[in-house]
Amino acid sequence: MSMLKPIALATLTALLPFSICLAAPADTTAPTSFKPGTYTATVNGHNAPLTVKVTVDEHRIVSIDSSENLETTGVGRVALSKVADKILQYQSLGVDGVTGATLSSFALREGVKNCLTQAEGDIKALVKKVESHPVGVLNLEGDVVVVGGGGAGLAAALSAYEAGAKKVIVLEKLGFLGGSTNVSEGALNAPDPLRQGRQGISDSIALFTQQTLHGGHDKGDPDLVRHLTTGALDAVHWMEMEGVTFKDDVGTATGALWQRSHYPSTPSGNSYIRQFEKQIAATNGAIEVYTDAQVIALKQDPKTQRITGVTAKNFGRTINVSARAVILSTGGFGANVPLRQKVNTGVWKEVKLDNRIGCTNLQKAAQGEGLTLGEKVGAATVGLDDIQLHPCGTPGTGLMENIRTSGRNRIFVNSDGDRFVNEGAARDVLAKAIFAQKGGEYWIVVNHLRYPSRDFVDRNGASIKNMVALGAVVEAKTLDELAQKTHMDADKLKASLDAYNQAVRSKKPDALGFVANNKEDREMTEGPWYASRKVPTVHHTMGGLKINDKAQVLNTDGKVIPGLYAAGEVTGGIHGSNRLGGNAIADCMVFGRTAGTNAVIQP
């Protein structure tokens with residue numbers, strides 16, 4: 001499929017977040033006949049088994065319905081929609097999967113294949129390769145080229161357009177937009193007098209700045225931190241102008257240290273991406289997106305050292321883009337195991353960050369190519385040894401799934417049932433305490449305060465009903481039953497709840513340092529009870545390209561590299577050696593907007 005009309009595809013994806021039933025064009029036929037009817041198959045998806053229903057007539061695949069799935073919004077569900085659309089378009093199984101969502105793509109194809117086998121179709125004819133891709137060379141010109149279409153990149157692209165750019169080109173290596181922002185919870189920290197005022201929460205930019213600096217062990221650049229904290233609320237307001245809706249109340253992301261985390265009104269950070277895609281489509285081509293476009297080099301004028309464009313690979317085609325400015329927004333390197341082990345001389349030097357430690361980010365997205373691109377043109381890096389581990393990893397994958405550690409009204413207990421850490425502590429403190437437990441794992445325990453019913457859908461789109469069905473959550477009516485199912489000591493588990501509840505009642509620090517200083521804190525006294533096993537996982541790489549508060553990339557002499565900007569996790573110097581929960585999305589939006597605007601207005 002040609003990538004010359006990427007905006008239309010992005011818009012389709014935005015409007016189909018739940019992989020609804022897609023119908024075939026009326027003028028196409030399959031290379032085989034079928035026994036007419038509707039057929040069903042259940043296959044293993046990325047997150048859980050999913051059901052595929054295929055309707056055929058004698059000569060056509062009429063429709064594909066994969067709506068019964070638990071794939072990730074913005075990633076797996078995008079793949080289900082895109083692959084189904086291509087199967088219908090080509091009337092064939094010989095289509096490519098979606099880069100960055102391989103397992104979901106494979107699952108959809110296998111499900112359709114199963115159904116077409118039941119329909120007595122000629123599978124050998126159906127699997128023949130039919131999809132073609134562009135070759136040769138494509139030369140493009142633009143005012144700004146954005147490398148990486150995640151949260152920071154799309155914020156930069158829209159801001160560049162709004163600052164007056166006539167043509168903005170976005171190059172994204174995955175088969176969809178959003179990157180790892182898609183799989184984030186979407187928490188965005190900002191002091192917000194309106195929302196916090198309604199909740200009776202006292203906050204200020206000064207406190208936010210202090211907590212961000214101290215939470216990062218005072219390694220962050222104060223100028224960059226102040227730019228983040230003073231611009232965060234403006235970013236919220238800008239996002240609202242772009243059509244994003246936030247919940248009325250602010251919450252507390254894991255390790256946020258204060259109740260100032262803004263969450264989207266619909267689940268996950270993909271909420272932001274979907275709205276940005278709509279805004280991009282509304283520019284009528286002024287912002288042009290190319291997916292499956294891996295940037296391999298930056299172009300630099302040898303005399304002035306100015307960055308003048310990029311070269312990318314798009315399947316078998318080379319894309320050359322000439323532009324006045326380039327913005328790198330390629331994400332971090334948390335899934336690049338060799339690189340993270342090489343630079344791991346900081347906070348986690350005593351932990352071997354090999355394949356046994358998972359990563360919360362998309363595997364293909366978090367490889368750190370932006371660092372290499374920048375270093376090849378003389379960019380400096382800072383803080384590469386500052387790697388963050390998050391306490392909400394799923395055993396075996398490291399992904400953040402099931403009951404989340406963000407929010408309140410939960411306790412962390414070890415395999416014996418003992419609380420072992422202040423649940424409100426910074427992420428590095430939490431992860432270090434977990435590693436000290438038997439097996440380096442723990443249980444998060446919640447009750448009806450977090451999940452009022454089995455069908456209640458949390459802010460990440462999950463329900464107890466589904467999580468229990470997947471075997472990811474243990475459910476019990478009483479603490480004795482929960483202890484029996486999780487093999488904990490019931491008396492210790494009850495004592496842990498008693499100590500937590502006493503802290504909530506007293507509002508004073510308990511023996512672990514936990515303080516019930518959040519407006520959402522409540523005593524946990526009645527079932528039903530729910531528990532999910534968790535492990536530490538690589539979540540964020542705080543180090544990256546060195547920038548100033550205009551988002552300009554600096555060289556190894558501390559001077560600006562003309563025409564080169566960076567935003568998001570590819571940059572370093574903002575978060576120090578520990579990022580506060582909720583500061584990553586704030587970083588993406590604040591510095592994404594800064595990069596996009598300055599790429600247009602700076603000389």
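- Put simply, the side chain of Asp234 never gets that close to the backbone of Gly231: no donor and acceptor are under 3.5 Å apart.
- The shortest side-chain heavy-atom distance between Ile403 and Arg410 does not fall under the 4.5 Å cut-off.
- Ring geometry for His539 against His390 counts as perpendicular: the plane angle is over 60°, on a 0 to 90° scale with 30° as the lower cut.
- For CZ of Phe435, the number of neighbouring non-hydrogen atoms (other residues, nucleotides, ligands) closer than 6.0 Å is greater than 12.
- Counting non-hydrogen atoms of other residues, nucleotides and ligands closer than 6.0 Å to NZ of Lys364 gives a total of 12 or fewer.
- Counting heavy atoms from C-beta on, the side chains of Val250 and Ser261 never come closer than 4.5 Å.
- No side-chain donor-acceptor contact under 3.5 Å links Arg579 to the backbone of Gly255.
- With contacts defined as side-chain heavy-atom distances shorter than 4.5 Å, the pair Gln210/Phe208 does not qualify.
- Here the shortest heavy-atom pairing between Ile411 and Ser496 reads CD1-CB, 4.2 Å.
- Taking the side chain as every heavy atom from C-beta outward, Lys534 and Ile434 never approach each other to under 4.5 Å.
- The distance from the CD atom of Glu71 to the CG atom of Asn47 is 5.0 Å, given to the nearest 0.5 Å.
- Judged purely by atom type and a 3.5 angstrom limit, Gln259 has no side-chain atom pairing as donor or acceptor with the backbone of Thr252.
- With values rounded to the nearest 0.5 angstrom, Ile280 atom CD1 is found 6.0 Å from Leu177 atom CG.
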Determine, step by step, whether Asn578 and Gln388 satisfy the side chain to side chain donor-acceptor pair (under 3.5 Å) criterion, reporting the C-alpha distance in whole Å, the side-chain angles of both residues, the deciding distance to 0.1 Å, and the verdict.
CA-CA 6 Å; Asn578 178 68; Gln388 181 170 83; 3.2 Å; yes
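- Summarising the geometry, atom OG1 belonging to Thr537 is positioned 8.5 Å from atom CE belonging to Met400; distances are rounded to the nearest 0.5 Å.
- A salt bridge links Lys219 with Asp386: at least one charged nitrogen is closer than 4.0 Å to a carboxylate oxygen.
- Atom CG in Asp192 sits 3.5 Å away from atom NE2 in His262 (nearest 0.5 Å).
- Taking both residues in full, the closest heavy atoms of Val343 and Phe333 are given as CG2-CE1, 3.8 Å, listed atom of the first, atom of the second, then distance.
- Looking at Thr229, its side chain does come within 3.5 Å of a backbone N or O of Arg226 through a donor-acceptor pair.
- Looking at every heavy atom in both residues, Ala155 comes nearest to Cys588 through CB-O, 4.2 Å.
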What verdict does the side chain to side chain donor-acceptor pair (under 3.5 Å) test give for Ser415 and Gln437, after you've listed the backbone C-alpha separation in whole Å, the side-chain angles of each residue and the deciding distance to 0.1 Å?
CA-CA 8 Å; Ser415 58; Gln437 307 309 305; over 6 Å; no
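- Separation of atoms CD (Glu569) and OG1 (Thr330) is listed at 9.5 Å; rounding is to 0.5 Å.
- Using the six-membered ring where Trp is involved, Phe412 and Tyr442 have ring planes that are tilted, between 30° and 60° apart.
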Check the pair Arg356 / Asp354 against salt bridge (Lys or Arg N to Asp or Glu O under 4.0 Å), numbers first and verdict last.
CA-CA 5 Å; Arg356 290 172 294 181; Asp354 58 15; 2.7 Å; yes
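- For the pair Thr254 (side chain) and Thr405 (backbone), a donor-acceptor distance under 3.5 Å is present.
- If you look at Trp238 and Phe276, their ring centroids are closer than 6.0 Å.
- Proximity of a side-chain donor or acceptor of Ser406 to a complementary backbone N or O of Ala253 within less than 3.5 Å is not detected.
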One pair to check against side chain to side chain donor-acceptor pair (under 3.5 Å): His575 and Asn583. What are the steps and the verdict?
CA-CA 8 Å; His575 306 290; Asn583 272 10; 4.5 Å; no
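- A donor-acceptor pair under 3.5 Å is formed between the side chain of Asn555 and the backbone N or O of Lys559.
- Environment of NZ in Lys299: crowded, with over 12 heavy atoms of neighbouring residues, nucleotides or ligands closer than 6.0 Å.
- Atoms CG and CE, on Leu158 and Met589 in that order, are 9.5 Å from each other to the nearest 0.5 Å.
- The minimum heavy-atom distance linking Leu384 with Gly544 is given by the pair CD2-N, 3.6 Å.
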Let's go through Thr73 and Arg77 carefully: what are the C-alpha distance in whole Å and the side-chain angles of both, what is the deciding distance for side chain to side chain donor-acceptor pair (under 3.5 Å) to 0.1 Å, and is it a yes or a no?
CA-CA 5 Å; Thr73 300; Arg77 287 178 175 174; 3.2 Å; yes
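- The side-chain heavy atoms of Val183 and Leu399, taken from C-beta on, include no pair separated by under 4.5 Å.
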Give the C-alpha distance, both sets of side-chain angles, the deciding distance and a yes or no for side chain to side chain contact (heavy atoms under 4.5 Å, CB included) between Ile547 and Tyr565.
CA-CA 8 Å; Ile547 61 171; Tyr565 299 81; over 6 Å; no
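- For the pair Arg450 (side chain) and Arg408 (backbone), a donor-acceptor distance under 3.5 Å is present.
- You'll find the side chain of Val146 reaches within 4.5 Å of the side chain of Ser329, heavy atoms only.
- Salt bridge annotation for Asp301-Arg306: absent, with no cationic side-chain nitrogen under 4.0 angstrom from a carboxylate oxygen.
- Side-chain atoms of Ser159 never come within 3.5 Å of backbone atoms of Ala156 as a donor-acceptor pair (strictly under, hydrogens ignored).
- Between Val560 and Leu554, some side-chain heavy-atom pair lies under the 4.5 Å cut-off.
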Full working for side chain to side chain contact (heavy atoms under 4.5 Å, CB included) between His540 and Arg427:
CA-CA 11 Å; His540 195 95; Arg427 289 172 173 177; 5.8 Å; no
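- Val337 approaches Leu353 most closely through the heavy-atom pair CG1-O, 3.7 Å.
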Check against salt bridge (Lys or Arg N to Asp or Glu O under 4.0 Å), Arg419 and Asp510
CA-CA 11 Å; Arg419 282 177 70 223; Asp510 66 8; 3.0 Å; yes
Step by step, would you call Lys546 with Asp221 a salt bridge (Lys or Arg N to Asp or Glu O under 4.0 Å)?
CA-CA 10 Å; Lys546 194 169 186 177; Asp221 182 323; over 6 Å; no
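- At a threshold of 4.5 Å between non-hydrogen side-chain atoms, the residues Asn548 and Asp223 do not count as touching.
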Go through the steps for Thr181 and Asn270 under the test side chain to side chain contact (heavy atoms under 4.5 Å, CB included), then give the verdict.
CA-CA 6 Å; Thr181 298; Asn270 176 253; over 6 Å; no
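- At least one donor-acceptor pair under 3.5 Å links the side chain of Tyr272 to the backbone N or O of Gly186.
- With a 6.0 Å radius and a threshold of 12 heavy atoms from other residues, nucleotides or ligands, Asp218 has its CG atom above the threshold.
- Summarising the geometry of Leu545 relative to Leu371, their closest heavy-atom pair is N-CD2, 3.8 Å, with the distance given to 0.1 Å.
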Show your working on side chain to side chain contact (heavy atoms under 4.5 Å, CB included) between Val590 and His227 and close with a plain yes or no.
CA-CA 8 Å; Val590 171; His227 188 72; 3.8 Å; yes
